Undergrad: 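Attaching a single structure in structure tokens format; questions to follow.
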2 protein chains.
Amino acid sequence: MYLRMFKVITGEWERLWSTMARAADRLDAIREAHSLQSQSKNTDRMEDYLEVIYELIKKKGYATTVDISKHLSVSSPSVTKMLQKLDESGHLNYEKYRGIVLTEKGSEVAEGMHDKHNLLVEFLRMIGVKEEIANRDAEGIEHHLHPETLKKLTDFVRTAKKVRPR
Amino acid sequence: MYLRMFKVITGEWERLWSTMARAADRLDAIREAHSLQSQSKNTDRMEDYLEVIYELIKKKGYATTVDISKHLSVSSPSVTKMLQKLDESGHLNYEKYRGIVLTEKGSEVAEGMHDKHNLLVEFLRMIGVKEEIANRDAEGIEHHLHPETLKKLTDFVRTAKKVRPR
DNA sequence: TTTTAAGTTTAGCCCAAGCTAACAAACATA
DNA sequence: TATGTTTGTTAGCTTGGGCTAAACTTAAAA
């Protein structure tokens, strides 16, 4: 297990290094950054995967194919495929048979989902929805919230907590 | 290659066979047939279509392909295809080049969506989200609500209206 | 009544995301 | 260290929903 982690970290570093070397060598750095940036077409599903990967890593330090597949009720080949896609899109670094590391970009997306999720669950709990259902529903909802809605909901929850503290 | 195919086909066939054997053996046949018939697996997208069709009919008395396509930002062939599917699934009666009539089943689904939509918009407006955004978000959310959540949200909105009437 | 324009449908394609079967790598244990 | 088990990946297929181009209907105008 430690071996696994060590390899992952090492691999990560090597990749980073070679990337930097290439970039420095030529002037592609700019174009590369740009293309990476504009290449961001997240689908809902990608967000789902990122979120569970993020949670798993937070909880256990790493995320395995099987774990991910279980949390999303999906087969492992589906997970592998999505991992490749997420690596491709720069949300994480994936080395096959080795492991996964979220990139900055990936973490941001994941954290965003995480926060929305929490907010929603908190709200739903407030109005009396049972934990489990709150979680399920939050999952369904969290993709479709306009920033304004998010803001207003946050405010609402905050003030509601003040008014009627639990 | 052929060997592979052979294996695949064989595997498939064996599975089918064992399935049938099981079914025939006991009385599952009925349940199985039933499950096939009531294969009413509404997808989110079907619900979207039904909802706008319902609204259009309510407003103008009929719903044309183009109108539907506009409201869903979708091409007309896509609409046609979905209409066929909805006819197939018994949600509406569709006569090509002629028109659409929602069936009982279709109306029920549509009204359900309609109600959820209203509820959500009402809530979002309450916490200060702008009409337009409320509508957009409601659309995204309405598919994923557990009955309990729905209930609780309804209660919440109702009591909130009493406490602080507008 | 013929011609044309608008609206609708069919044909045939694409893509995301899923699945199973088969294969490969990594890990654990004898 | 050889080997069996667990875990992960590749190949190849399926399905839903979308699109464009081309064909067809219907309705309106000439």
Side-chain angles (χ1 to χ4, degrees), chain A residues 1-8 10-11 39-53 56 60 62-89 91-100 143, chain B residues 1-16 18-19 39-53 56 60 62-89 91-92 94-100 139 143:
Chain A
M1 179 43 73
Y2 283 110
L3 178 58
R4 163 179 231 129
M5 289 178 63
F6 175 70
K7 282 180 182 170
V8 167
T10 302
Q39 199 180 32
S40 58
K41 246 204 216 169
N42 320 12
T43 70
D44 288 3
R45 220 41 186 140
M46 289 167 77
E47 294 180 346
D48 288 337
Y49 278 85
L50 286 171
E51 192 181 352
V52 337
I53 290 166
L56 285 171
K60 328 197 314 182
Y62 57 90
T64 70
T65 301
V66 176
D67 273 355
I68 300 169
S69 82
K70 272 178 193 150
H71 281 77
L72 287 166
S73 308
V74 133
S75 73
S76 30
S78 301
V79 174
T80 299
K81 209 181 184 177
M82 183 56 93
L83 290 179
Q84 290 160 348
K85 187 177 179 178
L86 289 170
D87 177 279
E88 191 57 30
S89 66
H91 288 94
L92 48 78
N93 294 324
Y94 162 67
E95 220 158 339
K96 63 175 176 167
Y97 293 113
R98 292 285 136 148
I100 307 167
H143 300 288
Chain B
M1 174 47 76
Y2 284 110
L3 178 56
R4 166 178 231 126
M5 288 180 62
F6 177 72
K7 282 180 184 167
V8 168
I9 290 164
T10 301
E12 176 65 8
W13 190 79
E14 275 169 7
R15 177 163 350 154
L16 249 179
S18 76
T19 299
Q39 203 174 36
S40 54
K41 249 202 211 170
N42 317 11
T43 70
D44 289 2
R45 221 39 187 144
M46 289 168 78
E47 294 179 346
D48 287 336
Y49 277 87
L50 286 172
E51 192 181 353
V52 337
I53 290 165
L56 284 171
K60 328 197 316 181
Y62 58 91
T64 69
T65 301
V66 176
D67 273 354
I68 301 170
S69 81
K70 274 178 192 150
H71 281 77
L72 288 167
S73 308
V74 134
S75 73
S76 27
S78 300
V79 174
T80 299
K81 209 179 184 180
M82 185 56 93
L83 290 179
Q84 290 162 346
K85 186 176 179 180
L86 289 169
D87 178 280
E88 190 57 31
S89 65
H91 288 95
L92 49 78
Y94 162 66
E95 219 157 338
K96 65 173 171 168
Y97 293 112
R98 289 286 135 146
I100 307 166
E139 215 120 291
H143 300 288

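Side chains are part of it too, since the values below use all heavy atoms of this structure and drop only hydrogens, waters and symmetry mates. Proteins come first, then strands; the chains are lettered A, B, ... in the order of their sequence lines, and each starts at number 1. The structure presented is a predicted model; accordingly, all values stated were derived computationally and were not measured.
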Undergrad: To the nearest 0.5 Å, what is the distance between CD on B/Gln84 and OH on B/Tyr94?
TA: 5.0 Å
Undergrad: Give me the atom names and distance for the closest heavy-atom approach of B/Val74 to B/Ser78.
TA: CG1-CB, 3.4 Å
Undergrad: Ignoring backbone atoms, test whether B/Arg98 places a side-chain nitrogen or oxygen under 4.0 Å from the OP1 or OP2 oxygen of D/dT26.
TA: yes
Undergrad: Would you please confirm or rule out a distance under 4.0 Å between OP1 or OP2 of C/dC19 and any side-chain N or O of A/Ser78?
TA: yes
Undergrad: With heavy atoms under 4.0 Å as the rule, sort B/Val79 into base, sugar-phosphate or nothing.
TA: nothing
Undergrad: What is the distance, rounded to the nearest whole Å, between atom CD1 of B/Ile68 and atom C1' of C/dG7?
TA: 13 Å
Undergrad: Check whether any side-chain nitrogen or oxygen of B/Tyr49 sits under 4.0 Å from OP1 or OP2 of D/dG18, and answer yes or no.
TA: yes
Undergrad: Ignoring backbone atoms, test whether B/Tyr94 places a side-chain nitrogen or oxygen under 4.0 Å from the OP1 or OP2 oxygen of C/dT9.
TA: yes
Undergrad: To the side chain of B/Ser75, which of D/dG18, C/dT20, D/dT20 is closest?
TA: D/dT20
Undergrad: Which whole-number value in Å describes the distance from A/Lys85 NZ to D/dT9 P?
TA: 17 Å
Undergrad: Report the residue (B/Val66 or A/Asp44) whose heavy-atom-nearest nucleotide on DNA chain C is the more 5′ of the two.
TA: B/Val66
Undergrad: Let's test your reading of the model: under 3.5 Å, does the base of D/dG18 pair with the side chain of B/Lys81 as donor and acceptor?
TA: yes
Undergrad: Would the number of heavy atoms belonging to other residues, nucleotides or ligands and lying under 6.0 Å from NE2 of A/His143 be above 12?
TA: yes
Undergrad: In whole angstrom, what separates B/Asn42's CG from D/dG17's C1'?
TA: 16 Å
Undergrad: Reckon B/Thr65 touches a base, only the sugar-phosphate, or nothing at all at heavy-atom distances under 4.0 Å?
TA: sugar-phosphate
Undergrad: How long is the line joining CD of A/Gln84 and C1' of C/dG18, in whole Å?
TA: 14 Å
Undergrad: Drop me the distance from A/Leu86's CG to A/Tyr49's OH, to the nearest 0.5 angstrom.
TA: 9.0 Å
Undergrad: Nearest-Å distance, CD (A/Glu88) to P (C/dA16)?
TA: 12 Å
Undergrad: Is B/Ser76 near enough to C/dT9 that one of its side-chain N or O atoms lies under 4.0 angstrom from OP1 or OP2?
TA: no
Undergrad: Mapping A/Lys96 and A/Thr43 to their closest nucleotides on DNA chain C, which lands nearer the 5' end?
TA: A/Thr43
Undergrad: In whole Å, what is the span from the CE atom of B/Met46 to the P atom of D/dG17?
TA: 7 Å
Undergrad: Quick one: B/Tyr97 OH to C/dT9 C1', roughly how many Å, whole number?
TA: 4 Å
Undergrad: Counting heavy atoms from C-beta on, name the nucleotide in C/dC19, C/dT8, D/dT9 closest to the side chain of B/Thr64.
TA: C/dT8
Undergrad: What is the distance, to the nearest angstrom, from the CE atom on A/Met82 to the P atom on D/dT10?
TA: 16 Å
Undergrad: Does a side-chain N-to-carboxylate-O contact under 4.0 Å join A/Arg45 and A/Asp48?
TA: yes
